Amino acid sequence: MQGDKGMGLVCVHVFGCRSSLCEGEYIAGRLKELGHDITEDLKDGITAAIIVTCSVTSEADRKCRQMVRRARKILGDDGVLAVSGCWGQSLDSGMAQSLGIDILGGTRGVSALIPSAVSEMLGHGREFRDIRRLDVHGWQELPLTQPVMHTRAFMKIQDGCNHFCTYCIIPYLRGKPASRPENSIISEIHRLIDGGTKEVIFTGIHLGVYGHDNGTSLARLIRRVSGISGLERLRLGSLEPFCLNDELLDALAECAAFCHHLHLPLQSGDDEILSAMRRGYSAHDFVNVCRNARRKIDASLHISSDILVGFPGESDSAFQNTLDVMELAGLGRVHVFPYSERPGTIAASLPGKIPHDVKISRTSEAISLGRKLYADYVRGFTGHEVEILIERDGRGYTRHYIEAHCEGGNNETVKAEVIDIAGTRLECMRRN
Ligand code: SF4
């Protein structure tokens with residue numbers, strides 16, 4: 001049943017990675033088509049809330065639970081509360097009901113069901129429904145008409161993971177890899193460009209295995225996308241370092257729209273820890289991948305990363321190896337996470353737990369080094385000309401994914417000269 005027009009304000013709030021963002025964008029877009037107004041904020045006056053959740057760490061779980069409690073309070077007795085995403089997938093259905101959730105969704109195939117389920121429930125009254133499935137195989141289409149919540153279009157092209165890093169719960173919550181068909185991606189990019197989108201970001205849970213299940217590859221997709229006129233910018237979400245082979249690097253180097261930034265999660269720079277994490281590369285491999293990428297694509301390619309600190313068995317010297325590799329690889333922006341145990345993963349039963357205070361001090365050391373490396377990298381752009389896609393209030397990102405400030409309207413691409421640096425934000429003077 002279609003929701004009545006003007007059925008009120010609905011909050012779509014997203015936690016987690018870019019795949020969650022894509023799912024949130026799709027849900028928001030579809031609810032808009034069904035006649036609802038959309039906000040990202042939980043506030044008085046909303047008639048329903050959809051929380052797209054994350055379960056990557058215990059802290060992520062805690063934040064989702066807290067948000068669900070807040071949402072229930074604001075919605076009162078009549079408002080509809082729906083949950084989707086990884087934390088939703090992991091939740092016990094009795095627990096979901098006790099938290100006041102009306103529609104319990106998870107990962108596979110759920111985003112397409114949530115908008116109509118919410119709209120229907122708003123018309124007929126609240127009644128608990130569990131719509132989760134993990135037995136959905138193959139790709140589930142989530143067509144995006146235009147981004148509702150962002151200037152840039154996050155486009156999910158892959159779901160699921162079969163890598164099973166020992167600390168990660170995601171493969172259990174997202175199921176096997178599935179890739180979106182090339183033709184569907186290409187036609188969506190055309191639709192987005194026609195609607196004014198300038199930047200598309202390909203995202204996935206394990207993006208590097210795109211195409212392994214349907215006879216193609218990320219490199220081949222990039223080559224096809226390179227031929228689309230009107231696509232100004234193309235970015236890739238997080239890529240596992242072992243997926244960055246020469247074929248993919250060559251395709252990226254030859255793609256004019258590709259923005260020179262890659263996110264390659266290092267996690268640890270110590271070979272023993274990397275092997276205990278089952279990451280599939282050594283510290284040496286990681287440094288080589290970064291060098292190769294800079295050699296083939298751009299000497300000033302921005303490589304951002306994630307670091308997991310305090311994994312079981314991480315000695316002082318293992319941690320030092322991580323700091324050394326961060327420098328050797330010339331990392332830019334770095335996200336540092338203290339390891340937190342996820343029940344159900346192999347790492348949860350490993351010996352050699354690291355005391356909390358050691359984890360905290362190592363985390364702050366890695367954060368400080370990351371900040372220094374990023375500040376050094378950003379300083380290298382002083383006096384250079386950059387291109388900025390303005391998102392809001394004169395702020396946006398350069399092609400190398402550095403935050404920048406410059407005169408310009410929303411969704412406008414401007415050429416500018418970097419005249420100053422405020423923290424790590426480029427202050428720029430417009431040139432076109
Ligand atoms: S590649 Fe590793 S960290 Fe990434 S989703 Fe798969 S198991 Fe988790």
Side-chain angles (χ1 to χ4, degrees), residues 15-23 52-61 84-90 106-108 134 137 139-140 154 156-180 201-213 217-218 236-245 248 262-271 273-283 285-286 289 303-312 314 322 325 331 334-350:
F15 284 101
C17 64
R18 287 166 164 194
S19 290
S20 283
L21 273 182
C22 294
E23 289 160 10
V52 183
T53 61
C54 169
S55 186
V56 73
T57 60
S58 310
E59 179 59 11
D61 286 359
S84 70
C86 289
W87 180 71
Q89 187 71 45
S90 71
T107 53
R108 296 307 267 272
L134 250 196
H137 299 298
W139 180 254
Q140 304 296 304
F154 291 91
K156 188 167 142 183
I157 65 163
Q158 189 277 336
D159 203 349
C161 179
N162 56 358
H163 196 67
F164 291 94
C165 297
T166 56
Y167 55 82
C168 185
I169 196 77
I170 301 304
Y172 304 95
L173 302 177
R174 285 263 171 194
K176 294 192 183 114
S179 305
R180 184 171 182 175
I201 302 136
F202 284 163
T203 75
I205 297 297
H206 190 354
L207 190 58
V209 298
Y210 172 83
H212 290 198
D213 57 311
S217 70
L218 191 54
L236 297 183
S238 184
L239 273 177
E240 293 306 331
F242 55 84
C243 296
L244 216 58
N245 55 25
L248 178 55
L262 288 171
H263 186 80
L264 308 177
L266 167 64
Q267 309 301 13
S268 169
D270 181 80
D271 286 347
I273 297 295
L274 283 169
S275 148
M277 288 175 166
R278 225 192 258 162
R279 288 290 293 158
Y281 54 86
S282 66
D285 294 337
F286 184 86
V289 162
I303 300 179
S304 58
S305 195
D306 299 327
I307 305 287
L308 192 52
V309 168
F311 188 79
E314 185 189 67
T322 299
V325 173
L331 296 183
V334 175
H335 303 277
V336 182
F337 303 92
Y339 169 74
S340 74
E341 206 170 281
R342 305 297 288 127
T345 60
I346 293 172
S349 58
L350 288 179

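What you are looking at is a predicted structure, and each value in this text was computed from that prediction instead of being measured. Just so you know, ligand 1 is whichever comes first in the structure, and atom 1 is the first atom listed for that ligand.
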Asp213: what forms a side-chain hydrogen bond (donor to acceptor under 3.5 Å, both in side chains) with it, not counting sequence neighbours?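 Residues passing side-chain hydrogen bond (donor to acceptor under 3.5 Å, both in side chains) with Asp213: Ser179.
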Checking Asp285 against Ser282: is there a side-chain donor and acceptor pair closer than 3.5 Å?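 Asp285 and Ser282 do have a side-chain donor-acceptor pair below 3.5 Å.
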Presence of salt bridge, Asp271 and Arg279, under 4.0 angstrom: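 No, Arg279 and Asp271 are not salt-bridged.
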Salt bridge flag under 4.0 Å for residues Arg174 and Glu23: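 Looking at Glu23 together with Arg174, the answer is yes, because their closest N to O distance falls below 4.0 Å.
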Side chains of Arg108 and Asp159, heavy atoms from C-beta outward: is any pair under 4.5 Å?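 Contact flag for Arg108/Asp159 side chains = yes.
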With ring centroids as reference points, do Phe242 and His206 lie under 6.0 angstrom apart?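 Ring centres of His206 and Phe242 closer than 6.0 Å.
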Taking the six-membered ring where the residue is Trp, are the ring centres of Phe164 and Tyr172 under 6.0 Å apart?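 Yes: the rings meet the under 6.0 Å criterion.
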Identity and distance of the protein heavy atom lying nearest atom 3 (S) of ligand 1: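 I find the closest protein heavy atom is Tyr167 OH, 3.6 Å.
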Could you list which atoms of ligand 1 come closer than 4.0 Å to a heavy atom of Ile205?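 Counting atoms of ligand 1 from 1, those under 4.0 Å from Ile205 are 5 (S).
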Ignoring waters, how many N, O or S atoms from the protein are under 2.8 Å from atom 2 (Fe) of ligand 1?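 Near atom 2 (Fe) of ligand 1, the number of protein N, O or S atoms below 2.8 Å is 1.
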